[in-house]
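Reviewing the structure listed below.
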Amino acid sequence: MNQIEYILITGGAGYIGSHTVVELIQHGKTPVIVDDFRNADPKILRGVEEISGNQVICERVDVCDETAMRVLFERYHFTGIIHFAAYKAVGESVDEPLKYYSNNLNSLLVCLALTEEFKVENFLFSSSCTVYGQPEKSPVTEESPIIEAKAPYGATKQMCERILSDFVKSGANIKVLNLRYFNPIGAHPSGKIGELPSGKPNNLLPYLTQSALGILEELTVYGNDYNTLDGTCLRDFIHVCDLANAHVKGLDWLENQQEALNEIVNVGTGNGSSVLEIIHTFEKVANRSLKWKFGPRRSGDVEQIFADVTKAKKLLKWSAQKTLEDAVRDAWNWEQKWRNETIDTN
Ligand code: UD1
């Protein structure tokens with residue numbers, strides 16, 4: 001009897017997780033989402049099912065709960081894990097460091113202990129360009145220096161990468177791929193899934209689209225005196241569907257490797273765009289003007305960072321396909337659709 005090969009997706013109901021689940025299903029994989037919905041909305045799963053035309057398997061479990069997780073490893077034959085589940089708000093991590101260290105480190109440790117026990121060989125980790133801090137120059141390659149993180153959030157990503165590296169060095173029979181994400185934005189073009197920050201968003205795009213709808217006050221652009229062309233910060237904004245696709249390519253690549261390994265790959269577009277460029281792109285694709293103002297710099301912000309994506313192209317045969325306009329248009333489409341439907345059903 002052929003055993004079904006499942007892919008465990010921790011945090012699979014979240015923003016990047018849900019888009020990755022769609023991509024995986026469309027590529028013939030069978031994902032099992034593990035999410036306790038502390039930072040996700042169960043309605044997103046309906047969107048995933050509508051897009052993929054498949055029922056999704058979802059287990060409501062806290063990834064830090066090793067006993068509950070072991071039950072899942074006994075129930076499903078996992079051949080790979082994509083570990084998204086983590087807290088990610090930089091400011092909150094400064095105020096509540098223990099919450100971040102406890103959740104982000106323990107969830108990884110639980111997953112790794114179980115990979116060993118159940119001999120799961122392929123492991124993909126959600127890392128971040130935050131590990132580079134403010135680099136001396138961009139684009140940053142995977143060899144660019146790691147600078148000690150200022151905020152606990154970034155420190156957890158650095159520590160998790162270190163744990164994975166030490167685990168592989170110890171002789172564990174596991175193939176690890178760390179994907180260092182740049183700034184994911186946008187939503188599925190269908191408008192059925194997208195970013196759903198809980199409470200007031202910290203990130204630029206959800207703040208912008210919510211302020212355009214009048215849900216939030218006008219957008220403040222943090223700082224206009226940076227050493228960039230227009231004085232505002234520069235980031236590598238990547239469409240979330242491109243990022244999701246990088247996971248499918250990454251998993252395929254891992255599955256084709258024969259030996260234990262630990263690799264790191266940047267996932268970005270290779271282009272830097274400023275905060276003002278995002279505003280102008282929004283005004284163009286939404287065909288309306290946005291109310292915004294300049295404010296002081298946000299503490300802890302890096303001035304500019306964008307990715308060198310040579311390794312992603314070479315190793316994973318992956319590169320971003322969508323434009324900045326696509327991403328901003330999809331984010332706007334999603335925000336309007338979600339708000340309309342939420343109002344309709346309440
Ligand atoms: C940071 C991390 C990223 C992490 C993410 C999690 C870096 C380089 N990036 O993203 O790895 O995954 O947090 O949340 O450390 N902005 C405004 N007004 C706003 C909101 C944002 O001007 O209301 C500006 C910010 O100052 C920044 C840019 O928009 O220049 C992007 O900000 P944001 O979306 O919060 O992402 P990062 O801080 O780059």
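What you see is a predicted model, and the numbers here were worked out from it, not measured in a lab. Order of appearance sets the numbers: ligands from 1, and atoms from 1 within every ligand.
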For the residue pair [X] and [Y], confirm or rule out a side-chain donor-acceptor distance under 3.5 Å.
| X | Y | answer |
| --- | --- | --- |
| D308 | T310 | yes |
| N104 | T156 | yes |
| E161 | S127 | yes |
| S274 | D230 | yes |
| Y207 | E217 | yes |
| H188 | D330 | no |
| Y132 | N266 | yes |
| Y6 | R75 | no |

**Asked** Which heavy atom of C241 sits nearest a heavy atom of H19, and at what distance?
**Response**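 That closest heavy-atom pairing would be SG-CD2, 4.0 Å.
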[atom]: which protein heavy atom is closest, and how many Å away?
| atom | result |
| --- | --- |
| atom 39 (O) of ligand 1 | R235 NE, 2.5 Å |
| atom 18 (N) of ligand 1 | T220 O, 2.7 Å |
| atom 9 (N) of ligand 1 | C129 SG, 4.2 Å |
| atom 10 (O) of ligand 1 | N183 ND2, 3.7 Å |
| atom 34 (O) of ligand 1 | L204 N, 2.8 Å |
| atom 6 (C) of ligand 1 | K88 O, 3.2 Å |
| atom 26 (O) of ligand 1 | D301 OD2, 2.5 Å |
| atom 22 (O) of ligand 1 | Y222 N, 2.9 Å |

**Request:** Ignoring hydrogens and angles, tell me if any N or O in the side chain of D35 forms a donor-acceptor pair with the backbone of A13 under 3.5 Å.
**Result:**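 Present.
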**Prompt:** So which bit of N202 gets within less than 4.0 Å of ligand 1, heavy atoms only: side chain, backbone, both or neither?
**Reply:**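 The answer is the backbone.
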**Prompt:** Which part of T130 is near ligand 1, with near meaning a heavy atom under 4.0 Å away: side chain, backbone, both or neither?
**Reply:** both
**Request:** Report yes if the distance between the aromatic ring centroids of Y87 and Y153 is under 6.0 Å, otherwise no.
**Result:**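 When the ring centroids of Y87 and Y153 are compared, they turn out to be at least 6.0 Å apart.
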**Item:** Passing option when R329 is tested against L324, T281, V285, T323 for side-chain contact (heavy atoms from CB on, under 4.5 Å)
**Value:** V285
**Prompt:** Under 3.5 Å between some N or O of ligand 1 and some N or O of Y181?
**Reply:** no
**Asked** If you measure every N/O of Y153 against every N/O of ligand 1, is any gap under 3.5 Å?
**Response**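 Yes; at least one N/O pair falls below 3.5 Å.
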Could you list which atoms of ligand 1 come closer than 4.0 Å to a heavy atom of [X]?
| X | answer |
| --- | --- |
| V221 | 22 (O) |
| C233 | 30 (O) |
| V90 | 13 (O) |
| S128 | 3 (C), 11 (O), 12 (O) |
| N203 | 14 (O), 33 (P), 34 (O), 35 (O), 36 (O) |
| V275 | 22 (O), 24 (C), 28 (C), 29 (O), 30 (O) |
| V302 | 8 (C) |

**Request:** Measure from atom 32 (O) of ligand 1 to every heavy atom in Q304, R298, E303 and give the option owning the shortest one.
**Result:** R298
